[in-house]
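Accompanying notes for the structure given below.
As the structure lists them, so they are numbered: ligands from 1, and atoms in each ligand from 1. Only heavy atoms go into these numbers, but all of them, side chains included; no hydrogens, no water, no symmetry mates.
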Amino acid sequence: MNRNDAPRNPATTAPATFHVKSFGCQMNVYDGERMAEMLGTQGMTPAAEGTDADLVILNTCHIREKAVDKVYSDIGRLTRDDGSRPMIAVAGCVAQAEGSEIQRRARNVDIVVGPQAYHRLPDLIDKVGRGEAAVDTDMPAASKFGALPARTKQARPTAFLTIMEGCDKFCTYCVVPYTRGAEISRSWSAIVDEAKALVDGGAREITLLGQNVNAWTGDDDKGRAQRMDGLVRELAKIPDLRRIRYTTSHPNDMSDGLIAAHGEIDKLMPFLHLPVQAGNDRILKAMNRSHSADSYLRIIERVRQARPDIAISGDFIVGFPGETDAEFEDTLRIVEQVRYAQCYSFKYSPRPGTPAADMDHQIAAEVMDERLARLQALLNRQQAAFNAATVGRTTQILLERKGRHPGQLIGKSPWLQSVVVTAPELSIGDFVDVDIISAGPNSLAGETVRRKAA
Ligand code: SAH
Ligand code: SF4
Ligand code: F3S
């Protein structure tokens, strides 16, 4: 369609092109890919820029207030120079949490679709065409996975694969149990089949996803009860799948089998994202984390016994309601004890409907700023130290994307570090042995290992 035409009413035009923009966690990225693949099978084509597309899907995150604000400012920016706008769908966790309220706040929004209902997007688009309300925040008993088309070929060598949905943990600060619903594991065969399809399509590394990925359970093809380690073992049998990762894990679901798997399965990469959130037991209890600082440290110790070189990553929240200075110091202490390779850290953000939002003694913004700065300074030092310790090592990287300069490629080490190499003869998707020659805070520089003359 000619975009110079008079402003059209998006509510009556069937979209031919689409653009999906995902915010938030990797599960949202995965959902965004599945939406794009589904619209592709419906004959729609992707557009690079949001305002060029006939349909824009904002795949949103509700985890912190800032994430939500960003969506509303994005909606405002979708109006084109000529005053027209694309059809706008709000998907993801804000859609689930706010439902039709979104359309009261932003009248431009045509479709609201939750994270468990997006397989019905084509119907919702039709509804918009008919001038009907297009809001779907159902959590249907039959999962979306059964209704989505099979995976299509990926351009990238790394892929995400959601193996379970939802969360039953109800940490008192967190919206995920409300936006994603109860924990539901996908079936063994659905996961194995999707992994094989991804590998056939070119994936060489798969990251298994779930908000509590290590709570996955299911029966294998012989009807035996399995947990994550069994699933990883099965996926490791796929010949061209070279690397397996998983995220995010909860300390209470770190089973003995999964810990042992880190020492036994070569394809399982030496990296564990295991959030602890805080280092003080009173705060952990108020967060309803159901583990203590000590029990967390014991898990880390056992994981390191199984796989001594494993890189540990985590998430932290500073300024949970009632957190005293001394209690915050305990967070710094646990960080000192663990020695992280990398971490994410956040200021506590009160979320509507969660128990912590109604707790007394909310912490002042300045106090949170100061705590976050101190925590991040420490975490940055640890990340730099972890990176520096890999200098001089020879390791294998999987090349994932082009670098800034000609001939430069960027790959990931087994420990999830970005490694920059200059190797014009190599391509994205290649595995290559490199000597790590220097390390910065966020990436490493490598040199491809020259094969010795025979
Ligand atoms: N299921 C994962 C991750 C959940 S969301 C887990 O339990 O570890 C990712 C991270 O966002 C959390 O680990 C937590 O650190 C942070 N987070 C969640 N709710 C938050 C809130 N209300 N304010 C600030 N950070 C929050
Ligand atoms: Fe949120 Fe806690 Fe569930 Fe993680 S475990 S998703 S932080 S409720
Ligand atoms: Fe955000 Fe939903 Fe993921 S709230 S972190 S997009 S599960």
Side-chain angles (χ1 to χ4, degrees), residues 20-32 35 58-68 70-71 90-98 113-116 118 137 139 160 162 164-183 209-216 246-254 272-279 283-284 286-291 296 299 312-321 323 331 335 340 343-359 362-363 365 368 371-372 375-376 379:
V20 184
K21 185 169 176 187
S22 288
F23 306 80
C25 62
Q26 288 112 323
M27 299 186 68
N28 252 20
V29 174
Y30 173 87
D31 288 338
M35 288 179 211
L58 300 174
N59 191 21
T60 61
C61 174
H62 200 247
I63 202 85
R64 284 168 290 276
E65 200 176 353
K66 258 200 195 139
V68 179
K70 195 160 167 10
V71 174
V90 174
C93 290
V94 177
Q96 192 64 42
E98 299 189 356
V113 61
Q116 311 304 4
Y118 63 79
T137 52
M139 295 207 177
F160 288 144
T162 292
M164 56 113 38
E165 281 281 350
C167 180
D168 292 342
K169 296 283 193 286
F170 289 94
C171 301
T172 52
Y173 50 81
C174 184
V175 294
V176 171
Y178 311 99
T179 63
R180 293 265 167 179
E183 279 176 9
L209 298 181
Q211 280 299 349
N212 265 324
V213 72
N214 56 342
W216 183 89
Y246 62 96
T247 200
T248 296
S249 301
H250 192 284
N252 288 8
D253 293 312
M254 247 4 253
L272 176 64
H273 182 67
L274 195 67
V276 67
Q277 312 296 354
I283 293 294
L284 287 171
M287 288 177 162
N288 192 32
R289 284 293 294 184
S290 59
H291 58 75
Y296 177 85
I299 294 165
I312 305 290
S313 154
D315 292 344
F316 290 91
I317 296 176
V318 302
F320 184 81
E323 185 186 65
T331 294
V335 171
Y340 286 95
C343 275
Y344 300 93
S345 48
F346 312 98
K347 287 184 271 185
Y348 167 72
S349 171
R351 308 306 296 128
T354 60
D358 296 327
M359 286 180 187
Q362 300 280 325
I363 304 297
M368 284 205 258
R371 287 181 189 169
L372 187 67
L375 174 61
Q376 290 187 339
L379 292 170

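The aromatic rings of H291 and Y296 sit tilted, their planes meeting at an angle between 30° and 60°.
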Test side-chain hydrogen bond (donor to acceptor under 3.5 Å, both in side chains) applied to N28 and S22, step by step:
CA-CA 6 Å; N28 252 20; S22 288; 5.7 Å; no
R351 vs E65, test: side chain to side chain contact (heavy atoms under 4.5 Å, CB included). Steps then yes/no.
CA-CA 7 Å; R351 308 306 296 128; E65 200 176 353; 3.8 Å; yes
In sequence, state the C-alpha distance, the side-chain angles, and the governing distance for R289 and C171, and then conclude on side chain to side chain contact (heavy atoms under 4.5 Å, CB included).
CA-CA 6 Å; R289 284 293 294 184; C171 301; 3.6 Å; yes
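Counting only protein atoms, the N, O or S atoms lying less than 2.8 Å from atom 3 (Fe) of ligand 2 are C167 SG, ordered by chain and residue number.
Considering V113, T60, T137, V175 in turn, T137 is the only one that fulfils the side-chain contact (heavy atoms from CB on, under 4.5 Å) rule with Q96. When each of Y173, Y340, Y344, F346 is tested with F316 by the rule ring-ring contact (aromatic ring centres under 6.0 Å, His included), just one qualifies, namely Y340.
Per-residue contacts place Y173 under 4.0 angstrom from the following atoms of ligand 2 (heavy atoms of the residue considered): 7 (S).
Taken from OG1 in T179 to CD1 in I63, the straight-line distance is 7.0 Å, to the nearest 0.5 Å. Between D315 atom CG and C343 atom SG the span is 7.5 Å, to the nearest 0.5 Å. Rounding to the nearest 0.5 angstrom, the gap separating the CG atom in L372 from the OG atom in S345 is 5.0 Å.
Each protein N, O or S atom less than 2.8 Å from atom 3 (Fe) of ligand 3 was counted, giving 1.
Annotation: side chain of H250 is in contact with side chain of S290 (closest heavy-atom distance under 4.5 Å). Looking only at side-chain heavy atoms (C-beta outward), C93 and R180 come within less than 4.5 Å of each other.
With sequence neighbours left out, Y118 forms a ring-ring contact (aromatic ring centres under 6.0 Å, His included) with no residue at all.
Remark: K169 engages D253 in a salt bridge, criterion side-chain N to carboxylate O under 4.0 Å.
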What does the contact table look like for ligand 1 (nitrogen or oxygen on each side, cut-off under 3.5 Å)?
unit_1: ligand 1; atom_1: 1 (N); unit_2: Q211; atom_2: O; d: 2.6
unit_1: ligand 1; atom_1: 1 (N); unit_2: Q211; atom_2: OE1; d: 2.9
unit_1: ligand 1; atom_1: 11 (O); unit_2: R64; atom_2: NH1; d: 3.0
unit_1: ligand 1; atom_1: 13 (O); unit_2: Q277; atom_2: NE2; d: 2.7
unit_1: ligand 1; atom_1: 13 (O); unit_2: D315; atom_2: OD2; d: 2.6
unit_1: ligand 1; atom_1: 15 (O); unit_2: Q277; atom_2: OE1; d: 2.7
unit_1: ligand 1; atom_1: 17 (N); unit_2: R64; atom_2: NH1; d: 3.4
unit_1: ligand 1; atom_1: 22 (N); unit_2: Y173; atom_2: O; d: 3.0
unit_1: ligand 1; atom_1: 22 (N); unit_2: S349; atom_2: O; d: 2.8
unit_1: ligand 1; atom_1: 23 (N); unit_2: S349; atom_2: N; d: 2.9
unit_1: ligand 1; atom_1: 25 (N); unit_2: R64; atom_2: NH1; d: 3.3

